[in-house]
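Worksheet: one structure, shown below.
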Amino acid sequence: MFNNYKFLSPKSIYYGLGSLEVYFNKAFNIGKKALIVTDNVMVEKGYVDKLLNILKKQNINQYIFNEIDSEPTDIHVQKGIQSFNNYDCDFLIALGGGSPIDTAKAISVMINNPGNINDYMGIGKIIKKGSPLIAIPTTAGTGSEATQFTIITDTENQVKMLIGSEYLVPDVAIDDSIFTVSLPPQITAATGVDALTHAVEAYTSIKNQPITDIFALSAIKRINQYLKRAWLDGDDKEARSEMMLAALEAGLAFSNSSVTIVHGMSRPVGALFHIPHGISNAVLLPACMEFAISGVPDRFAKVAETMGANTNNLSPIAAARQAVFLIKKLCQEVKIPTIAGLGIKKEDFLDKLEKMASDAMKSGSPNNTFRKPTKEDIIDIYKRSL
């Protein structure tokens, strides 16, 4: 069978140590006044000052919007739009983890589209391209700097909205691993397993395609090799650089393939219990894989092989189980907690199972899994993740 595909990516991607200065010193030509979307941690670490010093050398004016100290919400987006307009900005720079980048993507499109961000939940609903956006990640995890998706919480309904559009892909992605050197081990682990989730889901999605397969398997191989090193020694620049590249690869993969059951289930956990997106993905990944492997065992077997398993003389399903074993092992080694380990009370979690399962199914992501889950399957996986 001959198929055709579409592959989206930023117009330009700069990656490697020092790529931030390379871009602004040699290639910048987007605008004159930037809204910098970031958080207070980036200010405290001096990363915002580093960016400001580079911008000043290029005579670029800026206004700092640093209110994104939690998962992004529709309220953050509205405040950001007001700041962009009040200060006559003509482009955006997102500096931080997935939350500032997702917020900036939403602000960007809402500058040129009517209504509010809640009107665009779903795929392909955004009408026009937004204001130009440069995305600079400071964690090796979300891949948001390269994707056509943003996740914004609808605060009134306590739902994490998945919004997808080619207009959400940033114009420029700058993956400079110098920003990840100071990440603490627990964030290194959570964001690293988040990237692993993206790669595994992209490869095992019903929407996989040849180019995304290449990026997904490369990301899985890098993460398996370098995550534990980065977790053990934050100053390991090789490991940090490889993890940043892996997160970028995984982002490109799932943006053009899709996520599956893990993301569908993790968004309700984040919305109801205020758990960061990467962590909620990480705690659900092993149990979701256990459910999904029978739907496409040959692809999960390839994941196992990519992670170094010897799958010779094993049946496809036995080889697929090796992938689950190796990912569980990696999660344990970098101390990914259970749901109970996140401080969520068991009775509270069980009380919300019906809503979480319903919201997960409504998101559409579980339907991208080769083995289609029912609502009852989703509830069972939640229980096994406690």
Side-chain angles (χ1 to χ4, degrees), residues 7-39 42-43 45-66 84 87-98 100-105 107-108 111 129-148 166-183 211 215 218-219 222 235 237-252 255:
F7 187 89
L8 297 171
S9 70
K11 293 176 184 176
S12 300
I13 297 174
Y14 290 76
Y15 64 97
L17 280 170
S19 53
L20 177 68
E21 294 194 37
V22 168
Y23 171 71
F24 280 104
N25 290 339
K26 295 185 178 180
F28 174 79
N29 61 358
I30 283 183
K32 295 296 184 182
K33 188 169 186 180
L35 179 71
I36 299 174
V37 181
T38 189
D39 58 44
M42 296 298 103
V43 175
K45 286 181 178 294
Y47 291 165
V48 172
D49 282 342
K50 179 180 176 66
L51 176 61
L52 292 179
N53 288 336
I54 293 172
L55 295 179
K56 287 173 184 175
K57 290 177 185 177
Q58 302 300 319
N59 296 315
I60 301 165
N61 295 317
Q62 68 287 313
Y63 175 78
I64 300 169
F65 178 64
N66 61 327
F84 186 95
Y87 292 92
D88 295 319
C89 299
D90 56 4
F91 74 104
L92 299 100
I93 301 174
L95 177 69
I101 295 175
D102 275 7
T103 306
K105 289 161 83 169
I107 294 169
S108 167
I111 297 300
K129 186 183 184 326
S131 291
L133 170 62
I134 299 167
I136 308 168
T138 59
T139 64
T142 70
S144 185
E145 75 276 11
T147 75
Q148 58 177 310
E166 62 183 273
Y167 298 128
L168 286 167
V169 180
D171 297 271
V172 179
I174 303 174
D175 288 82
D176 192 334
S177 57
I178 193 65
F179 290 115
T180 66
V181 170
S182 62
L183 285 177
I211 293 178
F215 281 118
S218 179
R222 287 184 204 279
D235 292 323
K237 288 186 172 57
E238 180 186 19
R240 290 296 193 185
S241 183
E242 293 288 340
M243 283 301 301
M244 183 67 96
L245 180 55
L248 171 63
E249 290 176 319
L252 289 167
S255 178

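Start at 1 with the first residue, then count along the sequence. Just so you know, these numbers come straight off a predicted model, no measurement behind them. All values below come from the heavy atoms of this structure, side chains included, with hydrogens, waters and symmetry mates left out.
- Note that NZ of Lys56 and CD1 of Ile60 are 12.5 Å apart. Values are rounded to the nearest 0.5 Å.
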Decide yes or no on side-chain contact (heavy atoms from CB on, under 4.5 Å) for Ile134 and Phe91, but give the supporting numbers first. CA-CA 8 Å; Ile134 299 167; Phe91 74 104; 4.0 Å; yes

Test side-chain contact (heavy atoms from CB on, under 4.5 Å) on Phe215 and Leu248 and set out the steps. CA-CA 9 Å; Phe215 281 118; Leu248 171 63; over 6 Å; no

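- Of all the heavy atoms in Gly97 and Pro100, the pair that sits closest is O-CD, 3.2 Å.
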side-chain hydrogen bond (donor to acceptor under 3.5 Å, both in side chains) assessment of Asp102 paired with Ser144: CA-CA 7 Å; Asp102 275 7; Ser144 185; 2.6 Å; yes

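- The pair Lys105-Glu145 does not count as a salt bridge, with every side-chain nitrogen at least 4.0 angstrom from each carboxylate oxygen.
- We find the CD1-CE distance between Ile36 and Met42 to be 13.0 Å, quoted to the nearest 0.5 Å.
- Just one of Leu183, Ile178, Asp235, Leu245 meets the side-chain contact (heavy atoms from CB on, under 4.5 Å) condition when paired with Arg240; it is Leu183.
- Smallest separation of non-hydrogen atoms from Leu252 and Phe7: O-CE1, 4.0 Å.
- Counting only heavy atoms from C-beta outward, the side chains of Leu35 and Tyr87 never approach each other to under 4.5 Å.
- Among residues two or more places apart in sequence or in another chain, the salt bridge (Lys or Arg N to Asp or Glu O under 4.0 Å) test is passed with Lys11 by Asp171.
- Annotation: side chain of Phe179 is in contact with side chain of Ile136 (closest heavy-atom distance under 4.5 Å).
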Please assess Tyr14 against Ser12 for the test side-chain contact (heavy atoms from CB on, under 4.5 Å), listing each intermediate value before the final yes or no. CA-CA 7 Å; Tyr14 290 76; Ser12 300; 3.7 Å; yes

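- To the nearest 0.5 Å, atom CG of residue Leu92 and atom CD1 of residue Ile111 are 6.5 Å apart.
- Taking each heavy atom of Ile93 and Leu51 in turn, the nearest pair found is CG2-CD2, 3.9 Å.
- With rounding to the nearest 0.5 Å, the separation of NZ in Lys32 from CG in Asp88 is 15.5 Å.
- Rounded to the nearest 0.5 angstrom, Asp175 CG and Glu249 CD are separated by 10.5 Å.
- For the atom pair Ile107 CD1 and Phe84 CZ, the distance stands at 9.0 Å (nearest 0.5 Å).
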From CA spacing to verdict: salt bridge (charged side-chain N to carboxylate O under 4.0 Å, His left out), Lys237, Glu242: CA-CA 8 Å; Lys237 288 186 172 57; Glu242 293 288 340; over 6 Å; no

Tell me, with the steps shown, if Leu52 and Ile64 meet side-chain contact (heavy atoms from CB on, under 4.5 Å). CA-CA 10 Å; Leu52 292 179; Ile64 300 169; 3.8 Å; yes

